[in-house]
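Here's the structure we're looking at; comments come further down.
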Amino acid sequence: MDKPKKSVRRKTSGVTIDEVAALAGVSPMTVSRAVNQGNVREETRERVMRAVRKLGYTPNVAASSLAAAQHTRIALIYANPSGAYLSELLVGLLRVASNAPVQLTIDYWENMDAEAERKAARNLASRVDGVILPPPLCESAAAVGELVKARIPVVAIASGRQGDGISCVRIDDFHAGKEMAEHLIQHGHTRIGFICGRDDLSASARRYDGFVTALHEAGLEVDPELVQHGNYTYRSGLGAAELLLAHANPPTAIFASNDDMGAAAISVAHRRGLDVPRDLTVVGFDDTSAATTVWPELTTIHQPIAAMADAAIDILLRTIRNRNDEARPLTDHVLPHRLVERDSVARPPRHR
């Protein structure tokens with residue numbers, strides 16, 4: 001006699017919000033908002049709910065997963081000279097904070113030396129649960145060291161330095177810089193000027209390394225006279241572009257390490273009577289508002305700054321909920337970038 005078949009029932013207790021997020025290609029916080037009717041795009045909600053149904057996830061778990069964060073205070077420490085970058089970051093943080101149980105505070109640390117940063121960090125540690133550090137403070141040894149000593153969870157945005165007791169949210173700056181340089185080479189440019197970012201930021205170095213690698217792989221040499229230093233500000237971009245275009249044999253293209261400096265390079269070109277892109281190609285990096293408020297609009301690398309803010313808060317909330325763990329896991333979260341083609345690139349005049 002055949003034994004009766006046992007009913008097959010999927011065990012749902014083992015399905016986590018992280019598994020749903022991975023399948024849907026979003027952050028766990030986005031899953032929480034989607035299943036609890038929060039503010040997300042309809043197409044994103046549909047993608048999340050398909051993942052929920054496929055995995056058999058119980059949606060009400062998402063609501064309870066954030067319950068411990070009802071009074072979470074997160075600080076953004078700002079010293080970034082790029083207004084466009086800060087604007088993108090703030091919009092992302094405020095959007096996320098408005099849909100999560102988070103109180104967001106903003107501190108501006110202007111022109112502080114190491115001791116002043118340590119003192120400010122000690123004061124901050126007594127009144128917040130977590131800290132977000134965008135560039136350049138993301139790589140401040142003084143600030144990071146003091147916060148880690150106080151066991152305050154920290155997420156650094158756009159930093160590649162790991163092992164300092166903090167988590168990171170970033171893009172692959174090396175491959176992004178390499179991809180942009182390859183784009184210029186594919187358009188026939190062999191004499192390319194480069195405007196570096198801040199010397200004390202690892203992201204600046206990685207973008208430059210990607211640029212150099214692309215040139216070497218194409219059999220091109222890097223001309224040191226075509227490499228100028230900037231500070232991620234519009235004003236520094238003006239000075240760097242003036243030096244590049246005053247060269248006896250100027251470049252046919254300029255790759256600026258952010259959009260502010262790229263916009264400045266276009267301004268200098270116009271002042272010199274050069275048409276962009278007919279006489280000079282200019283590209284930027286970040287895809288901030290500065291890329292589309294100049295004429296012509298900049299070809300640039302899209303860095304998902306708002307999504308980075310979302311991921312940073314998500315990492316902080318999960319770390320804060322596990323604050324009693326002796327060994328809190330650190331996260332190096334790499335988000336995808338993409339090259340955005342606009343109107344500032346053309347083949348060099350001699351190749352037309």
Could you check if a side-chain atom of [X] sits within less than 4.5 angstrom of a side-chain atom of [Y], using non-hydrogen atoms only?
X: I254; Y: L280; answer: yes
X: L76; Y: L90; answer: yes
X: T213; Y: F174; answer: yes
X: S167; Y: V154; answer: no
X: D129; Y: I74; answer: no
X: M49; Y: E46; answer: no
X: P135; Y: L201; answer: yes
X: T281; Y: V276; answer: no

Do side-chain atoms of [X] reach the backbone of [Y] as a donor and acceptor pair under 3.5 angstrom?
X: S344; Y: V282; result: yes
X: S204; Y: R198; result: yes
X: S236; Y: T233; result: yes
X: E146; Y: E117; result: no
X: D172; Y: H175; result: yes
X: H189; Y: A346; result: yes

### Task
Quick one: list whatever passes side chain to side chain contact (heavy atoms under 4.5 Å, CB included) with A22, sequence neighbours left out.
none

### Task
Just jot down the side chain to side chain contact (heavy atoms under 4.5 Å, CB included) partners of A306, sequence neighbours excluded, or say none.
R95

### Message
Evaluate R122 against E115 for salt bridge (charged side-chain N to carboxylate O under 4.0 Å, His left out), listing each step before the verdict.
### Response
CA-CA 11 Å; R122 285 194 296 270; E115 184 53 40; 3.7 Å; yes

### Task
Carefully, step by step, assess E182 and E217 under the rule side-chain contact (heavy atoms from CB on, under 4.5 Å).
CA-CA 9 Å; E182 289 170 342; E217 289 184 357; 4.1 Å; yes

Same apolar cluster: [X] and [Y], side chain cutoff 4.5 Å:
X: I266; Y: L274; answer: yes
X: L133; Y: V334; answer: no
X: I185; Y: V212; answer: yes

### Task
Check the pair D287, R342 against salt bridge (charged side-chain N to carboxylate O under 4.0 Å, His left out), reporting the backbone distance first and the verdict last.
CA-CA 11 Å; D287 198 21; R342 295 196 177 100; 2.9 Å; yes

### Message
Would Y85 and I157 count as a side-chain contact (heavy atoms from CB on, under 4.5 Å) here? Give the steps.
### Response
CA-CA 12 Å; Y85 186 96; I157 291 182; 3.6 Å; yes

Please find the pair of heavy atoms, one from [X] and one from [Y], that lie closest to each other, and give the distance.
X: L238; Y: A264; result: N-CB, 3.5 Å
X: G284; Y: L298; result: N-CD2, 4.1 Å
X: M308; Y: V169; result: CE-O, 3.5 Å
X: L335; Y: H333; result: CD2-NE2, 3.5 Å
X: Y208; Y: C196; result: CD1-SG, 4.2 Å
X: R47; Y: G25; result: NH2-O, 4.3 Å

When rounded to the nearest 0.5 angstrom, what distance separates [atom1] in [X] from [atom2] in [Y]?
X: M112; Y: I77; atom1: CE; atom2: CD1; value: 9.0 Å
X: F194; Y: S257; atom1: CZ; atom2: OG; value: 3.5 Å
X: E19; Y: L55; atom1: CD; atom2: CG; value: 6.5 Å
X: D260; Y: D286; atom1: CG; atom2: CG; value: 8.0 Å
X: I315; Y: D310; atom1: CD1; atom2: CG; value: 10.0 Å
X: L184; Y: T299; atom1: CG; atom2: OG1; value: 8.5 Å

### Query
How about R206 and S202: does a side-chain donor come under 3.5 Å of a side-chain acceptor?
yes

#### Entry: R207 to F285 six-membered ring, cation-pi geometry met (6.0 Å, 45°)
yes

#### Entry: Audit row: E221, H216, side-chain hydrogen bond (donor to acceptor under 3.5 Å, both in side chains) steps and yes/no
CA-CA 6 Å; E221 292 297 323; H216 287 169; 4.7 Å; no

### Task
Please determine which of V283, D259, T288 meets the side-chain contact (heavy atoms from CB on, under 4.5 Å) test together with T300.
D259

### Query
Which one of L245, L244, N249 satisfies the side-chain contact (heavy atoms from CB on, under 4.5 Å) criterion with H247?
N249

### Task
Decide yes or no on side-chain contact (heavy atoms from CB on, under 4.5 Å) for L226 and I192, but give the supporting numbers first.
CA-CA 7 Å; L226 295 187; I192 305 171; over 6 Å; no

### L339/M180 under side-chain contact (heavy atoms from CB on, under 4.5 Å): CA gap, chis, key distance, verdict
CA-CA 7 Å; L339 194 153; M180 181 59 84; 4.1 Å; yes

### Query
Would you call R191-E225 a salt bridge at under 4.0 Å N-O?
no

### Task
Mark yes when over 12 heavy atoms from residues, nucleotides or ligands other than R235 sit less than 6.0 Å from its CZ; otherwise mark no.
no

### Task
Might you work through the salt bridge (charged side-chain N to carboxylate O under 4.0 Å, His left out) test for R127 and D107, ending with a clear yes or no?
CA-CA 12 Å; R127 54 189 176 88; D107 274 9; 3.0 Å; yes

### Query
Can you check salt bridge (charged side-chain N to carboxylate O under 4.0 Å, His left out) on R272 and E242, steps first, answer last?
CA-CA 9 Å; R272 287 175 162 268; E242 284 283 7; 3.3 Å; yes

### Mutual orientation of the aromatic rings belonging to Y78 and Y108 [parallel < 30°, tilted 30-60°, perpendicular > 60°]
parallel

